[in-house]
Protein chains: 2
Amino acid sequence: MIWEAWPADGTLMGELQMAQAERVKGGRGGAPGSTGRPRSEEAHQAILDATLDLLVEVGFSSLTVEGVAQRAGVGKATIYRRWPSKLPLVVEAFGRLPGFEEVDSGRLETDLKETLKTYLANFNATSLGAVFPSLAGERAHNPELSKLLEPVARGRREPFVRIFERARERGEISEDVDIDLAADLVVGPISVMLFFRGGTLSPKMVGPIVDLALSGILKKG
Amino acid sequence: MIWEAWPADGTLMGELQMAQAERVKGGRGGAPGSTGRPRSEEAHQAILDATLDLLVEVGFSSLTVEGVAQRAGVGKATIYRRWPSKLPLVVEAFGRLPGFEEVDSGRLETDLKETLKTYLANFNATSLGAVFPSLAGERAHNPELSKLLEPVARGRREPFVRIFERARERGEISEDVDIDLAADLVVGPISVMLFFRGGTLSPKMVGPIVDLALSGILKKG
DNA sequence: TCATTACGATACTATACGTTCCGTTATCAA
DNA sequence: TTGATAACGGAACGTATAGTATCGTAATGA
């Protein structure tokens, strides 16, 4: 998810198909025999940090590349040397956030409720969760962005899928439950409440939602 | 949801707290004794139509007010005379879409599946559904927009709430099922699949999702 | 007929993305 | 040590677009 070089063809988002050279600490991106000053790893990290800071402070639509550059103490060119445009920068910065902690208590219900609570606490404290719908809404008319978002979305789903897989291994749920569907059944209601209804969501709401979602999934007895 | 006049204070979104004069066909917005040329109802409708057209064609982030004005055959000032900024225009245009048809078959499962299928057909055909997350993502840092979106979100939820209410009246589900939660349990998974996962969603997926969501809600037997 | 207000058109201001150039600096190779 | 190379921060620039202001004109009520 880190770009080292791209064709300067000027096509909007067209640069995203560039080769994604593997990054080495303080290394450079060009051909093996190239020389010159290496890219600064500190600058790279400062840019990502500044992006997240500003996303929290002013939100996605008010975030400017100029602002990120100032906050990070770098020139704008240094940003555009690494990311072809503002969108991939935001996607990468956002994608680096863990967002929540996966709980492994040995019981499906507890795992889900506690994991969702850490997610909610993070969301309510930073409003960073709202970045994702902002980006996701652009997907339909921007296939390249869609590709970028895929691993980010997957990363946010995976902990819940793993929780259900462990539950299946323990025999808490039937073998024939579709785990992907089950994960969406739990995450979906929370997401629509957060994004599409108003206000913040109290952690107290997590209990009833998970209970209702699980009532058709858990084995009886 | 139609603005007739607002204080020209220049504050971003601050104008939304203006009085919302009731609209009469071809009427004007000012005080009762005011004279002058009335606002054109044709222009108003043409602007909203052009906005929806362009939302489908180019998407939310590429939609320009200039483009709307040209498509509608009006001047930019005519748009800004009615809406304080681009965002409320998009919200209103989007809010006018029914989006889906509420089915009343006398059976909960059928109502949900058929209603969701019309929703999906519309979404897949126009990509217009993606406009909502684009807007919703801005909510956290824009309270005025949040207020605007509330009735739109409510309008999209209400058909599903009504479907569940009818089911309760028929005795298909227990009296103590929380209907708001139940609605989110069905709409939530579909929404996250559409917005946060890639690609389009096949109507075939509606069946299993609804079945799983209902498995914990429906009365047995 | 006159005052008033909306009309389309156009010029304008301000902001922000993304590019390009500058002199400087860090690294590698000869 | 010296030279080639490429990234650095900074700043100027071109383009696009939101929103404002102003033009002469058109529609309505008094």
Compare all side-chain heavy atoms of [X] with those of [Y] and state whether any distance is below 4.5 angstrom.
X	Y	value
B/Leu149	B/Glu138	no
A/Leu212	B/Asp178	no
A/Trp83	A/Leu48	yes

Check each residue of residues 55-64 of chain A for a non-hydrogen atom within less than 4.0 Å of any atom in DNA chain C, then write out the ones that pass by number, or none.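 Per residue number, the list reads A/Leu63, A/Thr64.
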Side chains of B/Thr118 and B/Glu101: donor-acceptor distance under 3.5 Å anywhere?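 Looking only at side-chain atoms, B/Glu101 and B/Thr118 do not form any donor-acceptor pair under 3.5 Å.
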Side-chain ([X]) to main-chain ([Y]) donor-acceptor, under 3.5 angstrom:
X	Y	result
B/Ser146	B/Asn142	no
A/Asp49	A/Ala72	no
B/Thr126	B/Val56	no

Rounding to a whole Å, what distance do you find between [X]:[atom1] and [N]:[atom2]?
X	N	atom1	atom2	result
A/Lys86	C/dT19	NZ	P	14 Å
A/Gln70	D/dG9	CD	C1'	12 Å
B/Ile79	D/dT20	CD1	P	13 Å
B/Trp83	D/dT20	CH2	C1'	18 Å
A/Glu41	C/dT27	CD	P	13 Å
B/Arg37	C/dC7	CZ	C1'	4 Å
A/Glu42	D/dG9	CD	C1'	15 Å
B/Arg82	C/dT5	CZ	C1'	12 Å

Return no unless some side-chain N or O of B/Thr35 is found under 4.0 Å from OP1 or OP2 of C/dT5.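 Indeed not, no polar side-chain atom of B/Thr35 lies that close.
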May I ask you to evaluate whether B/Arg39 reaches the phosphate of C/dA6, defined as a side-chain N or O under 4.0 Å from OP1 or OP2?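 True: B/Arg39 side-chain N/O within range (under 4.0 Å) of C/dA6 OP1/OP2.
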Kindly say whether the aromatic ring centers of B/Phe132 and B/Phe123 come within a distance under 6.0 Å.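 Centroid distance B/Phe132-B/Phe123: not below 6.0 Å, so no.
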Distance flag, aromatic centroids of B/Phe195 and A/Phe196, threshold under 6.0 Å: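 Between A/Phe196 and B/Phe195, the centre distance is under 6.0 Å.
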Pairs under 3.5 angstrom, nitrogen or oxygen only, protein versus nucleotides 9-11 of chain C, please.
none

Nearest listed nucleotide, side chain of B/Thr78, among C/dG18, C/dC7, D/dA7: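 My answer, after comparing the listed nucleotides, is C/dC7.
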In terms of side-chain heavy atoms of A/Tyr80, which of C/dT19, C/dA6, D/dA6 is nearest?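 Comparing C/dT19, C/dA6, D/dA6 against the side chain of A/Tyr80, the answer is C/dT19.
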